[in-house]
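Note that these values count all heavy atoms, side chains included, but never hydrogens, waters or copies made by symmetry. Within every chain, numbering begins at 1; the chains are lettered A, B, ... in the order of the sequence lines, protein sequences first and strands thereafter.
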Amino acid sequence: MATFRVSSEADVVEVVRGARESGGTLEIVGHGTKRGLGRPIECDDVLDLSCLSGIVSYEPDEMIITARAGTPVIEIEAALAEKNQRLGFEPADWGPLFGAPADSATIGGVLSADANGSAAMRYGRCRDHLLGFCAVNGFGEAYKGGGKVVKNVTGFDLPKLFCGAMGTLGPLTEVTLRLFPKPSSAAIFAVRDLSLEDGLALLRRVWSSPIESTGLAFLNGTAFIRLEGSRAALDEKIAMLRSLSVTEFQQNSEGEAIFYNIASGRIAADAESMLWRVHVPSANAAKLVAEIQPTAWCADWAGGLLWLVSDRDVRARARAFDARPVQMRSGGSIPPFGLEDRVRAELTRRVKAAFDPLKLFNPGRMWEGV
Amino acid sequence: MIALPIPDPEIVARREEIVAALKRLVPDGIVSEPAGLTAYDGDALTAYRQAPLVCVLPKNKDEVSAVLAFAHEMGVPIVPRGAGTSLSGGALPRADGILLGFGRMNRILEADLENRCVVVEPGVTNAAITRAVEGDGFYYAPDPSSQIACTIGGNIAENSGGLHCLKYGLTTHNLLGVEFALPDGARLRFGGKAPGGEGLDLLGVVTGSEGLLGVVVEAIVRILPKPPVTRTLLAAFHSVPDTGVCVANIIAAGIVPAAMEFMDRRCIDAVETYCAPGYPKCEAILIIEIDGLAAEVSDGIARVSDIARASGAYEVREAADERERERLWKGRKAAFSAMGRLAPDMLCMDGTIPRRALPQVLARMAEMSNEYGLGFCNVFHAGDGNIHPLIIFDVMKADELERAEAFGAEILRLCVAVGGVLTGEHGVGIEKRDLMPEMFSEADLAQQQRLKCAFDSAGLLNPGKVFPTLSACIEQGHAHVKQGRMRHPELPRF
């Protein structure tokens, strides 16, 4: 097994062409922080994008950044912070779930894993922010998808497809993301001693109000609410929150860490049990938790995203609640994504083949053969 | 003129048989008489007219599937249609194709306020979604100018935008799920009331696919709580470049207005004559709207006013009340109609450019107008750099349509050259089909076409739109060669 540490798009093309000739498969990695996510795969060689790194262009006035796929997320966030901007989807740091150090992910890895943080509820997931990309397909051709402006409907929206594709459609080499201004003030409030139903109902009331909260999470009987805006706007939002909550609330002393911990699945950092990430209609979340009886759990996105620790396969029970569980950490016994029905599975295979007909890239990472 | 496809004579010869079969599948929803078909012979790209082979108006999902399965079996092209408001010819029929109209599938199935979503049939109009939930304090954000007529199915196919996308995004950002019918009639769901966690984001890629991958038979859209306060400013400028600088400065200051609209002098004059919204006589105006909670809106309005003055606005005025606010918008929304009175025909372009390139592009377009000897005006969504130059011409005058199309094409080439794109919200359709190589390399286009083949290997869905050349789906072993003949011989292949 060889590791190809590439530093240019031309290098990637060469490695892929080599793989085409030899018929060898490629595991695509950035910093390799999330290798434990998805079905375990064994590839002939590793395509390491960590040296394909660096910000290509950052235009604060356009609120757009272009970076090579292997650029560390923290490098991007540091550059943006200098100009009071940020990534709207608040990249989630999942590496530590798989034993990697905190804050070591690359932008390509975060997009490929669809790792979204709490603010994604307000600003959209990473798929809503990836404007364009460059990639290399299984034919060994470099190509681009999307564009570099915020409003574009020219051709198919391939960037959407690459978010969450786990590298199975081929290596990204460069990505262009839209950015958002960072509000001047923020405060996080905690409403304590709430039942599961009351806590999630409060979060939904805030979510359905014009407060435009950027974080609505629930953990251990406490609802956490993040409000942002100019100083004047923040005071107004706090007053509105007071009108929505019957229970007293106080400013949370832990600060931003609470949302970092929830979005990164930290509830189960030490547990041996299986960890699930469940997308569920918010209003069904409380019932789903009551039904599954997880050993530990927390909610993000006003209940729309649950993290559950449960040794049992929760999929069958989730279906009744219109919920979609993803197996985040399993020890390999249960595939990460639910089985697709025949029509969908065949379509998925054809889409995979459209980008990677020889199944060179991360084969089997999502489903068998994909 | 863009060449319309040469109809497949074999399909045209089987017309009676095809109509008879469709009547069995959708007994009360067939339009086949010439007079009836005239009503369906095009969309809002009015320079192009073509009656379909036959028009089918199904009233439920099963009928849609049955029609698709039949067309697939018979090898007949399908052109999907919502309300026919496409500005890029996306719903332009084919003489050898079935026009699949969704006008009768227009029920709102569920308003789920707890989960902030609405479940609708594809023929529901954009405006009807907001009407269904506004009593409860919610609305559906994307607001294309045609919103009283256009359907959500068409919005999804085109990934429609509108005045307020700067803050609230396009259709794709407000769509949670669809039930989708593939070309052979098989149906599947992408997304749901809680999107995400599905693996491949097929919902994302079918949105904006211009009817080339399948058809939407049901949709789940996100609704937003209505902001309590909306305030609107008008800023007047003596110079167009100053106006462009003002836009860039507002964005750079970290302000995200709900809308920021630009109109130039010619457009201002036209709407003043048309509906007298009371705009100042000047070279250009910006209409800037900020929404949200009272304090943050006040803060935003104050900052925008300061920036506008510092950028050269000689007058900044705020609509004093709701009536005045509506009047300010009335002029903007009437811009197309007002321009329509200046000349018999109009071509509306739709490129997006980086906002910093606005002054340069505006100046160059004025030069081009002289070179082509055709008038034009600018009215557009400045906040997101989505420009809508309106070229006015008279189709009855010698070569004016050709000159207008050449002028439009040169504008779009300029958009690409400064780092922008061919279309921000209207779609490629037939209008910009032949310009795709300006923006995409052969490899880029080949990759998109392979995706098309993964969904529609027979190439029956909306053929002749979006791609200047058809790939034959051979690479994937899907080549569909019927009786030794290739489909769509009018298009070159690679």
Query raised in the report: With sequence neighbours excluded, what pairs up with A/D235 under the side chain to side chain donor-acceptor pair (under 3.5 Å) test?
Result: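 Only A/R231 meet the side chain to side chain donor-acceptor pair (under 3.5 Å) criterion with A/D235.
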Requested in this report: Just give me the residue among A/L347, A/V280, A/I211, A/V343 that pairs up with chain B most often, heavy atom to heavy atom, under 4.5 Å.
Outcome: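 Counting heavy-atom pairs under 4.5 Å, the top option is A/L347.
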Query raised in the report: Given the options A/S209, A/A323, A/A302, A/G229, which has more heavy-atom pairs under 4.5 Å with chain B than any of the others?
Result: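 Counting heavy-atom pairs under 4.5 Å, the top option is A/S209.
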Check whether [X] gets within reach of chain A through its side chain, its backbone, both or neither, counting any heavy atom under 4.5 Å.
X      : result
B/R222 : side chain
B/L224 : neither
B/K452 : both
B/F138 : side chain
B/D299 : side chain
B/H381 : side chain
B/I223 : neither
B/F180 : neither
B/M436 : side chain

Polar side-chain atom of [X] near backbone of [Y] as donor-acceptor pair, under 3.5 Å:
X      : Y      : answer
B/D444 : A/Y143 : no
B/T352 : A/N152 : no
A/E236 : B/A294 : yes
A/R344 : B/F190 : no
A/R324 : B/G191 : yes

Would you say [X] and [Y] make side-chain contact, with heavy atoms under 4.5 Å?
X      : Y      : value
A/V149 : B/I353 : no
A/P181 : B/V256 : yes
A/F355 : B/R450 : no
B/L200 : A/T348 : yes
B/I251 : A/M63  : yes

Please classify the contact of [X] with chain B as side chain, backbone, both or neither, using a heavy-atom distance under 4.5 Å.
X      : result
A/M240 : side chain
A/E212 : side chain
A/A142 : backbone
A/K237 : both

Query raised in the report: Going through the checks in order, is the side-chain contact (heavy atoms from CB on, under 4.5 Å) test met by B/K193 and A/N284?
Result: CA-CA 10 Å; B/K193 287 182 178 177; A/N284 296 351; over 6 Å; no
**Report entry** Pairs of heavy atoms under 4.5 Å with chain A: top-ranked of B/P195, B/A443, B/A253
**Finding:**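 Between B/P195, B/A443, B/A253, the count favours B/P195.
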Query raised in the report: What are the two closest non-hydrogen atoms of B/R356 and A/E62, and how far apart are they?
Result: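 Distance-wise, the nearest heavy atoms are N-OE2, 2.5 Å.
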Query raised in the report: Any residues in residues 153-163 of chain A near chain B, with a heavy-atom distance under 4.5 Å, and which are they?
Result: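 Answer by number: A/V153, A/T154, A/G155, A/F156, A/D157, A/L158, A/K160, A/L161, A/C163.
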Query raised in the report: Can A/R127 and B/E198 be counted as an ion pair, charged N to O under 4.0 angstrom?
Result: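 No salt bridge links A/R127 with B/E198.
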Query raised in the report: By ring pair (Phe, Tyr, Trp, His ring centres under 6.0 Å), which residues pair with A/Y123, not counting sequence neighbours?
Result: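 Ring pair (Phe, Tyr, Trp, His ring centres under 6.0 Å) list for A/Y123, sorted by chain: A/F180.
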Query - Under the ring pair (Phe, Tyr, Trp, His ring centres under 6.0 Å) test, residues paired with A/H279 that sit two or more places apart - result: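 A/H279 satisfies ring pair (Phe, Tyr, Trp, His ring centres under 6.0 Å) with A/W301 once adjacent residues are dropped.
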Report task. For the pair A/S282 and B/E114, evaluate side-chain contact (heavy atoms from CB on, under 4.5 Å) and give the outcome as yes or no after the intermediate values. Result -> CA-CA 8 Å; A/S282 314; B/E114 278 253 81; over 6 Å; no
